[in-house]
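Residues: numbered from 1 along the sequence shown.
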Amino acid sequence: MQARQDPSAGWSGMHDIESMLDVRSSDLLASWLSDRLGVRFPYARRRILRVFPGKAARVKSAKAEAFAVLDPALHEPPVPTGVDKPLVEVIRSRAALSVTVLPGGGSRLLVALEAFGEVRYLVELSGEISFAGAETAISDFITIVAKYYERLVDAETDPLTRLSTRRVFHSHVDAGVRRWTGSGRPHYFAVVDIDHFKRINDGFGHLYGDEILVLFANLMRQTFRAGDLMYRFGGEEFVLIYGVEPGKGGGATLERFRAAVEGHKFPSVGRVTVSAGYTRISDAATPAAILIDRADQA
């Protein structure tokens, strides 16, 4: 019987860099990396984990500091990973590459994609994995991919609020409406405005206005689920795509956020209020422009 040849032997990975540069979305880079590693380790099992901070996940029954879902496209509530100590350790240490030996034989490879000091994706391979003298080449390849991931996220992120930008919103909506309408959980689209924001800038100055935008974005993160999508659309206008439990409407979540903003004491400015309109994402063929118009009217 002929022995299997290790595909990773003698691999530099550098010829994959050109195809990597064609990936223009940070959400797609994890899938691309999983596919490329799958070519090099064809006998290994693969999966992609989307990682959320434990505080944002609001899962009180788990002790772990990080949570993940297997399919980030579904935007389901995070599943705790507290029983998976190697995975949690990679998230805590933010190690780009970790390899462990599995008790039943074989190895487990974890690749972390990090941005703004947080691991956001993990690419996992397990089973028949052998570097066969290509450790340095594979490590260098993963380092390049991780740096490119940081650049993609930086380009997709509003520098002030650290929310996604309007450009990213359009790519998410175009690709995601069909998934949201078929996920089994109601999903809603909302437009949120800070009331009389120009008056705040004129009366207190743009420095205080910027501080309000930062604190406002932080309140968003605290109110909505870790898997919900939040964007700064421009100025004081924000856009949300969020899921609720089956049988529930989208108004209660927005009301909770509105009350949180109204009850927050903003430095120097004091009380700030917010207005919001929302619509349910019910038709897989609904374009982004229609969702925006419906939410604006609401």
Side-chain angles (χ1 to χ4, degrees), residues 25-27 52-53 55-58 75 114-118 120 150-173 176 187-243 250-279 281 288-298:
S25 167
S26 62
D27 289 330
F52 301 104
K55 183 178 180 182
R58 299 194 299 275
H75 304 291
E114 172 193 356
F116 300 126
E118 291 181 351
R120 298 191 175 189
E150 289 180 335
R151 291 186 60 184
L152 285 175
V153 173
D154 187 61
E156 296 168 352
T157 304
D158 174 56
L160 183 64
T161 63
R162 294 292 176 90
L163 299 179
S164 297
T165 63
R166 183 172 186 157
R167 179 179 66 84
V168 179
F169 158 77
H170 284 287
S171 67
H172 281 174
V173 170
H187 279 75
Y188 289 84
F189 174 89
V191 174
V192 180
D193 281 339
I194 300 175
D195 297 330
H196 311 297
F197 189 70
K198 184 178 185 301
R199 187 185 304 171
I200 295 173
N201 273 336
D202 292 343
F204 295 91
H206 288 274
L207 185 62
Y208 286 99
D210 287 350
E211 185 176 21
I212 286 177
L213 292 173
V214 172
L215 295 173
F216 186 84
N218 290 339
L219 287 172
M220 269 190 181
R221 296 185 184 95
Q222 294 169 16
T223 302
F224 292 88
R225 292 177 183 268
D228 294 335
L229 304 179
M230 294 163 272
Y231 311 85
R232 184 184 179 192
F233 221 53
E236 74 279 14
E237 187 176 44
F238 297 80
V239 162
L240 294 158
I241 297 171
Y242 60 100
T253 303
L254 282 178
E255 173 58 26
R256 186 168 64 249
F257 174 62
R258 186 206 62 76
V261 173
E262 187 177 39
H264 187 81
K265 186 177 180 181
F266 291 85
S268 299
V269 177
R271 183 171 175 265
V272 172
T273 59
V274 61
S275 298
Y278 69 98
T279 183
I281 304 174
I290 298 298
L291 291 174
I292 294 171
D293 184 60
R294 289 175 181 171
D296 271 337
Q297 291 182 29

| query | Rounded to the nearest 0.5 Å, what separation is found between the CD1 atom of Ile194 and the NE2 atom of His196? | reply | 12.0 Å

| More than 12 foreign heavy atoms under 6.0 Å from CZ of Phe233: is that the case here? | yes

| Under the side chain to side chain contact (heavy atoms under 4.5 Å, CB included) criterion, do His264 and Val272 qualify, and how do the steps go? | CA-CA 8 Å; His264 187 81; Val272 172; over 6 Å; no

| query | Would Arg120 and Val153 satisfy side chain to side chain contact (heavy atoms under 4.5 Å, CB included), going step by step from the backbone distance to the final call? | reply | CA-CA 10 Å; Arg120 298 191 175 189; Val153 173; 3.5 Å; yes

| request: Find the distance between CG (Leu219) and CD1 (Ile212) and round it off to the nearest 0.5 Å. | output: 11.0 Å

| task | Test Asp195 against Ser275 for side-chain hydrogen bond (donor to acceptor under 3.5 Å, both in side chains), laying out the working first. | result | CA-CA 7 Å; Asp195 297 330; Ser275 298; 2.7 Å; yes

| note | Looking only at heavy atoms, the pair that brings Asn201 and Gly209 closest together is OD1-CA, 3.4 Å

| query | What are the two closest non-hydrogen atoms of Arg221 and Met230, and how far apart are they? | reply | N-SD, 4.0 Å

| query | Less than 4.5 Å apart, any side-chain heavy atom of Phe238 and any of Val274? | reply | no

| Inter-residue atom distance Arg294.CZ - Tyr278.OH, 0.5 Å rounding | 14.0 Å

| query | So Phe169 and Phe189, would you call those rings parallel, tilted or perpendicular, with 30° and 60° as cut-offs? | reply | tilted

| field | For the student: nearest non-hydrogen atoms of Ala260 and Thr223, plus distance | value | CB-OG1, 4.3 Å

| request: Mind checking the CG-CD spacing from Asp193 to Glu236? Nearest 0.5 Å is all I need. | output: 5.5 Å

| Which is it for Leu240 and Val192 under the side chain to side chain contact (heavy atoms under 4.5 Å, CB included) test, yes or no, and what are the steps along the way? | CA-CA 8 Å; Leu240 294 158; Val192 180; 3.7 Å; yes

| task | State, yes or no, whether a side-chain contact exists between Val214 and Asn218 at a heavy-atom distance under 4.5 Å. | result | yes

| Should Leu213 and Phe197 be marked as a side chain to side chain contact (heavy atoms under 4.5 Å, CB included) after you check the CA-CA gap, both sets of side-chain angles, and the distance that decides it? | CA-CA 10 Å; Leu213 292 173; Phe197 189 70; 3.7 Å; yes

| task | Hey, can you tell me if Phe224 and Phe257 have their rings parallel, tilted or perpendicular (30° and 60° cut-offs)? | result | tilted

| query | To the nearest 0.5 Å, how far apart are CD in Glu255 and CD in Glu262? | reply | 8.5 Å

| task | Check step by step if salt bridge (Lys or Arg N to Asp or Glu O under 4.0 Å) holds for Arg167 and Glu156. | result | CA-CA 8 Å; Arg167 179 179 66 84; Glu156 296 168 352; 5.2 Å; no

| remark: Heavy-atom closest pair (Tyr208 atom, Ser268 atom, distance to 0.1 Å) is CE2-OG, 3.1 Å

| field | Nearest non-hydrogen partners of Pro267 and Leu215, listed with the distance | value | CD-CD1, 3.5 Å

| query | Is there a side-chain contact between Arg232 and Leu160 (heavy atoms, below 4.5 Å)? | reply | yes

| Reported OH-to-OG1 distance for the pair Tyr188 and Thr253, which is rounded to 0.5 angstrom | 9.0 Å

| said: Between Tyr231 and Ile241 (side chain of the first, backbone of the second, donor and acceptor by atom type, cut-off under 3.5 Å), is there such a pair? | reply: no

